[in-house]
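Below is one structure; the comments refer to it alone.
Predicted, not measured: the structure shown is a model, and the values here were computed from it.
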Amino acid sequence: MKLLNRALLLAMTLTLPLSAADPLYGVWKTRPSGRPGDTSKQTITIEPVADGIKFTTDIDFGSGAGMSTTYVTKLDGAEVPVYSAGKVVMTMRGKRIGPNTYEGSVAGPGGTGTSKTTLSADGKTMTVDGMMGSIASHLVFDRVK
């Protein structure tokens, strides 16, 4: 259950709606958290597809365990399924609330959560602040592609 809660918390970063000209398209990798013992890593690939925007997240929990998730959204705030290993593991909603700011929510077996994502003015850094139950998170991603 702890692993699923962490996956839900990390997956909240997928709630980043985009427009065709949005600089969020590409590949993003997390910076080290700086927390002692935390060796987790995350890579998000955001790309256009026929049905909207596809988000693929590869999570390495740093303990030998990992998880990949994917979903496609039309960016209308509607709830969409998130898949891992061919199964629906949670649902998500996301919307743009400003030129470089997004908000989202996630619901799954581990509970519900919210997130706020901000893209830097230069388009090189993405910051995600989330809350999964009583657990807060702060992730910083760098554009790698």
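Following chains of ILVMFWY side-chain contacts shorter than 4.5 Å, one can reach Val89 starting from Phe61, so the two form part of one hydrophobic cluster. Neither Leu119 nor Val27 shares a network with the other; the hydrophobic side chains, linked directly or stepwise wherever heavy atoms of I, L, V, M, F, W or Y lie under 4.5 Å apart, form separate groups for each.
Distance check: Lys116 NZ to Ile97 CD1 gives 5.5 Å after rounding to the nearest 0.5 Å. To the nearest 0.5 Å, the span separating CD on Gln42 from CD1 on Ile59 amounts to 5.0 Å. For the atom pair OG of Ser115 and CG of Leu139, the computed distance is 10.0 Å after rounding to the nearest 0.5 Å. In this structure, Met131 CE and Ser137 OG are separated by 8.0 Å, a value rounded to the nearest 0.5 Å.
In terms of heavy-atom proximity, Ser120 sits nearest to Asp122 at OG-OD1, 2.6 Å. Here the closest heavy-atom approach between residue Phe141 and residue Val128 is recorded as CE1-CG2, 4.0 Å. When all heavy atoms of Arg96 and Tyr102 are compared, the closest pair comes out as NH2-OH, 3.0 Å. In terms of heavy atoms, Ser68 sits closest to Ser84 at O-OG, 2.8 Å.
Residues Val80 and Arg93 form no side-chain contact, since every pair of their non-hydrogen atoms from C-beta on lies 4.5 Å or further apart. In this structure, Thr117 and Met126 have side chains that are in contact, with non-hydrogen atoms separated by less than 4.5 Å. Within the 4.5 Å cutoff, no side-chain heavy atoms of Val140 are placed close to those of Thr30. Put simply, the side chain of Tyr83 does not reach to within 4.5 Å of the side chain of Thr69, judged on heavy atoms. In this structure, Glu103 and Lys95 have side chains that are in contact, with non-hydrogen atoms separated by less than 4.5 Å. Side chains of Thr70 and Phe55 form no contact here, defined as non-hydrogen atoms less than 4.5 Å apart. Under the 4.5 Å side-chain criterion, counting only non-hydrogen atoms from C-beta, Tyr71 is not in contact with Pro81. Thr112 has its side chain out of reach of Val106: every pair of non-hydrogen atoms, C-beta onward, lies at least 4.5 Å apart.
None of Arg31, Lys29, Lys41 except one satisfies the salt bridge (Lys or Arg N to Asp or Glu O under 4.0 Å) rule with Asp142; the exception is Arg31.
For the residue pair Asp58 / Thr43, no side-chain donor-acceptor distance below 3.5 Å is found, with atom types taken as modelled. Using modelled atom types, one finds a donor on one side chain and an acceptor on the other under 3.5 Å when comparing Asp38 with Ser33.
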